[in-house]
Amino acid sequence: MIVRILGEGRYDVPEADMPAIEQLDAQLTDALDRNDETEFDSTLVDLVGQVRHSGTLLPADDLQTSGLVVPHPGSSLSELKELLAEES
Amino acid sequence: MSVMKRLSGIVQAKANKALDKAENPADMLDLSYEKQAENLQKVRRALADVATAKKRLELQATELQAQATKLQDQAKQALGQGQEDLARQALTRRAGLADQLADLGTQHAQVEAQQQQLETTATRLSTQIEAFRTKKETLKATYTASKAQASIGEAVSGISESMTDAGMTLNRAQDKISQMQARAGAIDELIDTGALPDALGGAKDDIQAQLDATSQAGQVDSEMAALKAQLGSAPAAGGALPSASEAAEGSATPDTSAPAGGAS
């Protein structure tokens, strides 16, 4: 699965490592729904770390599209809410 | 839906929207290329803004630090003169500056993070643009074949997604930069209005004025004593000195300090 970290690039993550990432994604979603900033901040750090650790950064001239997108590292809960508000 | 899936949807929607204007694959390729070059220009401009914001924060920190050191020295001097209240006043102001300095430190760390992210974006964008420049001509040359059309679509989607990411990263950086500029402006205003006295000595410094007045009074005392000694009233000096000192510290101080300060 190709996972993009906003502002950073795309990582090719082996399928075997996807459950760990999906687990963190669920945790992040939960923190967002509960407005829990502390949980949100630490989960985002973990998620970014997990993608960097298990994935291989694709070169900039590789033109594959991604299937999942991680927020900008260090973004706040309110920043993400603003971004998600762009959904139509 | 999970955060990562929702974000992916937003990125794809933005990427598709950017390509809607193109009528055919060849146009798409050119449009993508132009957009990328445009994005790179914007990222470079934002990088210059970040560097300016960083420099400004550093200058402010230096200025506040100098002011904090000065207040510390003044507190010491005031204690030396036995003026505890004045020393306390100086230290209280210094504590206020420490808060501002800590805040500037946080801002500085944020600005550095932005700078790093923008630099990554700029590097990746320029590598991508270079690779795409050659790729698009090859794709254009063969785009009439149906298979090639599919690969053009793929390449363009990929490039458009990266462009969208760069655009989103740029917007985020610009938001941060304007927040920081607003904060820096607020601090400059505090310095200008004298709420944070100008460390470079431009603004009035009431603590220094009081310290100077007291040391002037002390100087007057010793000059009086010297004069008295010259006039041969030295035996009486033991009794006369304290009263002269009281006079200098009491009513004489405010009157002597102002003209003396203005003349020097």
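Just so we're on the same page: letters track the sequence lines, and every chain starts at 1.
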Please determine, among A/L68, A/I21, A/D25, A/V70, the option with the most heavy-atom pairs under 4.5 Å with chain B. A/D25
In terms of side-chain geometry, is the basic nitrogen of B/E161 or A/R10 positioned less than 4.0 Å from the acidic oxygen of its partner? no
Verify the neighbour count for atom CG of A/D33: are there more than 12 heavy atoms of other residues, nucleotides or ligands below 6.0 Å? yes
B/R172 versus chain A, heavy atoms under 4.5 Å apart: side chain, backbone, both or neither? side chain
So which part of A/I2 gets closer than 4.5 Å to some heavy atom of chain B, the side chain, the backbone, both or neither? neither
Would you kindly say whether A/R4 and B/S8 are connected by a side-chain donor-acceptor distance under 3.5 Å? no
Exceeds 12 heavy-atom contacts within 6.0 angstrom, atom CD of B/Q72: yes
Name the region of A/P59, side chain, backbone, both or neither, that has any atom closer than 4.5 Å to a heavy atom of chain B. backbone
Please find the pair of heavy atoms, one from B/I10 and one from A/L84, that lie closest to each other, and give the distance. CD1-CA, 3.7 Å
Is chain A contacted by the side chain of B/S162, its backbone, both, or neither, given a heavy-atom distance below 4.5 Å? both
When rounded to the nearest 0.5 Å, the distance separating CD of B/Q117 from CD1 of A/I5 is 10.0 Å
So, the part of A/L58 with a heavy atom under 4.5 Å from chain B: the answer is backbone
Would you indicate whether A/E37, at its atom CD, is surrounded by more than 12 heavy atoms from other residues, nucleotides or ligands within a distance under 6.0 Å? no
Select one option (side chain, backbone, both, neither) describing which atoms of B/Q110 are under 4.5 Å from chain A's heavy atoms. neither
In this structure, are over 12 heavy atoms from other groups packed under 6.0 Å from B/E112 atom CD? yes
In Å and rounded to the nearest 0.5 Å, what is the CG to NE2 distance from B/D165 to A/H72? 5.5 Å
Mind ranking A/E22, A/E79, A/E8 by heavy-atom pairs under 4.5 Å with chain B and telling me who comes out on top? A/E79
In Å, rounded to the nearest 0.5 Å, how long is the span from CD of A/Q27 to OG of B/S2? 13.0 Å
Which atoms of B/I159 are under 4.5 Å from chain A, going by heavy atoms: the side chain, the backbone, both sets, or neither? both
Evaluate B/M4 against A/V3 for side-chain contact (heavy atoms from CB on, under 4.5 Å), listing each step before the verdict. CA-CA 9 Å; B/M4 285 171 77; A/V3 178; 3.7 Å; yes
With a 4.5 angstrom heavy-atom cut-off, which part of A/L32 approaches chain B: side chain, backbone, both or neither? side chain
Count the heavy atoms belonging to other residues, nucleotides or ligands that lie under 6.0 Å from CZ of A/R34, then report whether that count exceeds 12. yes
